[in-house]
Amino acid sequence: MRKRFLCGALVVLTAAVLAVPCVPCVSVSNRKNPAERVLSRAALGGFTISYTHSVNKGRVHDCYGRDGGVLVLDRTTFVSYGAGIPEADETDGARFSVTDEGYVISGLNRRLDRLVMAVGVVAEHSVTVRGREVPLADLFAPQTSLIIAIKHVPLAAYLFARHI
């Protein structure tokens, strides 16, 4: 009787450990089908979303970190101003500089619960984590609307998910 109880308790405990959302990670998911997603624990340390700007055709690199469960846009690097590129004086504490990489606006500290974007057809969106750049079109079909957010997922979901 005691053995059966212990086995049952072990099964329940194992199921709970596998099902409880306890693994923090960056989740990149299809907005219309959230089950289609890619997870990354490495991205918790920071990641970059890069794309070709639609007007000036230069590459833009937006660098994100996190503060708890919130994404924080810290810095953007670009080669030429165009629509949507922030001005340093729009944000308290932001700094503008010129480097070999191009123009840099740092200290943006823009906090986002989630980032919503679409995989571009010509923008060549990519995500870079720990120096490894992955085209988003390799992970999701072009024009897929994505949600990027900090999530806690169950261990089982994390173990069987695609990763970047």
Side-chain angles (χ1 to χ4, degrees), residues 19 21-88 90-91 94 96-97 99-164:
C22 61
V23 180
C25 59
V26 171
S27 169
V28 182
S29 61
N30 181 329
R31 189 173 182 191
K32 292 182 180 177
N33 179 11
E36 182 185 351
R37 67 180 172 189
V38 180
L39 303 174
S40 176
R41 287 193 40 81
L44 290 172
F47 63 95
T48 300
I49 300 290
S50 301
Y51 58 93
T52 301
H53 193 277
S54 62
V55 176
N56 66 33
K57 305 302 182 199
R59 287 299 273 175
V60 178
H61 309 281
D62 292 334
C63 302
Y64 292 86
R66 75 172 177 129
D67 183 6
V70 177
L71 296 171
V72 180
L73 173 60
D74 179 58
R75 176 178 66 139
T76 187
T77 304
F78 52 97
V79 294
S80 177
Y81 270 101
I85 301 290
E87 293 280 346
E90 293 175 349
T91 304
F96 178 84
S97 60
T99 69
D100 291 341
E101 298 174 358
Y103 302 115
V104 178
I105 300 176
S106 57
L108 288 169
N109 197 33
R110 291 195 179 163
R111 302 169 66 79
L112 308 161
D113 290 329
R114 63 187 190 152
L115 172 64
V116 178
M117 62 177 286
V119 179
V121 176
V122 294
E124 299 178 349
H125 288 97
S126 65
V127 59
T128 302
V129 178
R130 288 191 180 163
R132 180 174 167 249
E133 185 175 13
V134 179
L136 287 177
D138 288 357
L139 304 171
F140 299 92
Q143 298 183 335
T144 300
S145 180
L146 302 177
I147 296 174
I148 302 173
I150 307 294
K151 296 282 186 183
H152 284 79
V153 298
L155 181 59
Y158 182 76
L159 292 174
F160 295 107
R162 292 185 301 161
H163 297 267
I164 50 174

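Since the structure is predicted, the reported quantities are computational estimates derived from the model, not experimental observations.
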Inset, instruction - Could you tell me whether the side chain of Val38 reaches within less than 4.5 Å of the side chain of Phe140, counting heavy atoms only? - result: yes

Inset, instruction - Provide the closest heavy-atom pair for Pro24 versus Arg41 in the form atom of the first, atom of the second, distance. - result: O-NH1, 2.8 Å

Inset, instruction - Assess whether atom OH of Tyr51 is packed by more than 12 heavy atoms of other residues, nucleotides or ligands within 6.0 Å. - result: yes

Legend entry - Nearest non-hydrogen partners of Ser29 and Pro34, listed with the distance: CB-O, 3.8 Å

Inset, instruction - Grab the two heavy atoms, one from Val23 and one from Pro154, that are nearest each other, plus how far apart they are. - result: CG2-C, 4.4 Å

Inset, instruction - Flag the pair Ser27 / Leu39 as yes when at least one side-chain heavy-atom distance between them is below 4.5 Å, and no otherwise. - result: yes

Legend entry - Of all pairs that satisfy side-chain hydrogen bond (donor to acceptor under 3.5 Å, both in side chains), the ones with a partner from residues 143-162, not counting sequence neighbours: none

Inset, instruction - With Thr52 as reference, evaluate His125, Arg59, Lys57 under the side-chain hydrogen bond (donor to acceptor under 3.5 Å, both in side chains) test and give the passing residue. - result: Arg59

Legend entry - Beyond-backbone contact of Val70 with Ile150, side-chain heavy atoms, under 4.5 angstrom: no

Legend entry - Partner set under side-chain hydrogen bond (donor to acceptor under 3.5 Å, both in side chains) for Ser50, not counting sequence neighbours: His61

Legend entry - Note, Ile147 side chain near Val116 side chain (heavy atom, < 4.5 Å): yes

Legend entry - Partners meeting side chain to side chain contact (heavy atoms under 4.5 Å, CB included) with Phe47 (sequence neighbours left out): Val26, Ala43, Ile49, Tyr64, Leu71, Val127, Val129, Ile148

Inset, instruction - Tell me, please, which residues at least two apart from Arg31 pass salt bridge (charged side-chain N to carboxylate O under 4.0 Å, His left out). - result: none

Inset, instruction - Might you confirm whether atom CG of Asp113 has over 12 heavy atoms from other residues, nucleotides or ligands at distances under 6.0 Å? - result: no

Legend entry - Any residue meeting salt bridge (charged side-chain N to carboxylate O under 4.0 Å, His left out) with Asp138, in chain and number order, not counting sequence neighbours: none

Inset, instruction - Provide the closest heavy-atom pair for Leu155 versus Cys22 in the form atom of the first, atom of the second, distance. - result: N-SG, 4.5 Å

Inset, instruction - Compare every heavy atom of Cys63 with every heavy atom of Thr48, then report the nearest pair and how far apart it is. - result: OG1-SG, 3.6 Å

Inset, instruction - Find the distance between CZ (Arg132) and OG (Ser40) and round it off to the nearest 0.5 Å. - result: 9.0 Å

Legend entry - Thr128 (side chain) donor-acceptor with Gly131 (main chain) under 3.5 angstrom: no

Legend entry - Rounded distance (nearest 0.5 Å) linking atom CG of Leu73 with atom CG of Leu112: 7.0 Å

Inset, instruction - Kindly give the heavy-atom pair with the smallest separation between Ala94 and Ile105, and that separation in Å. - result: CB-CG2, 4.1 Å

Inset, instruction - Could you tell me whether the side chain of Asn30 and the main chain of Glu36 form a donor-acceptor pair under 3.5 Å? - result: no

Inset, instruction - With sequence neighbours excluded, tell me which residues meet side-chain hydrogen bond (donor to acceptor under 3.5 Å, both in side chains) with Asp62. - result: Thr76

Inset, instruction - Could you check if a side-chain atom of Ile164 sits within less than 4.5 angstrom of a side-chain atom of Leu139, using non-hydrogen atoms only? - result: yes

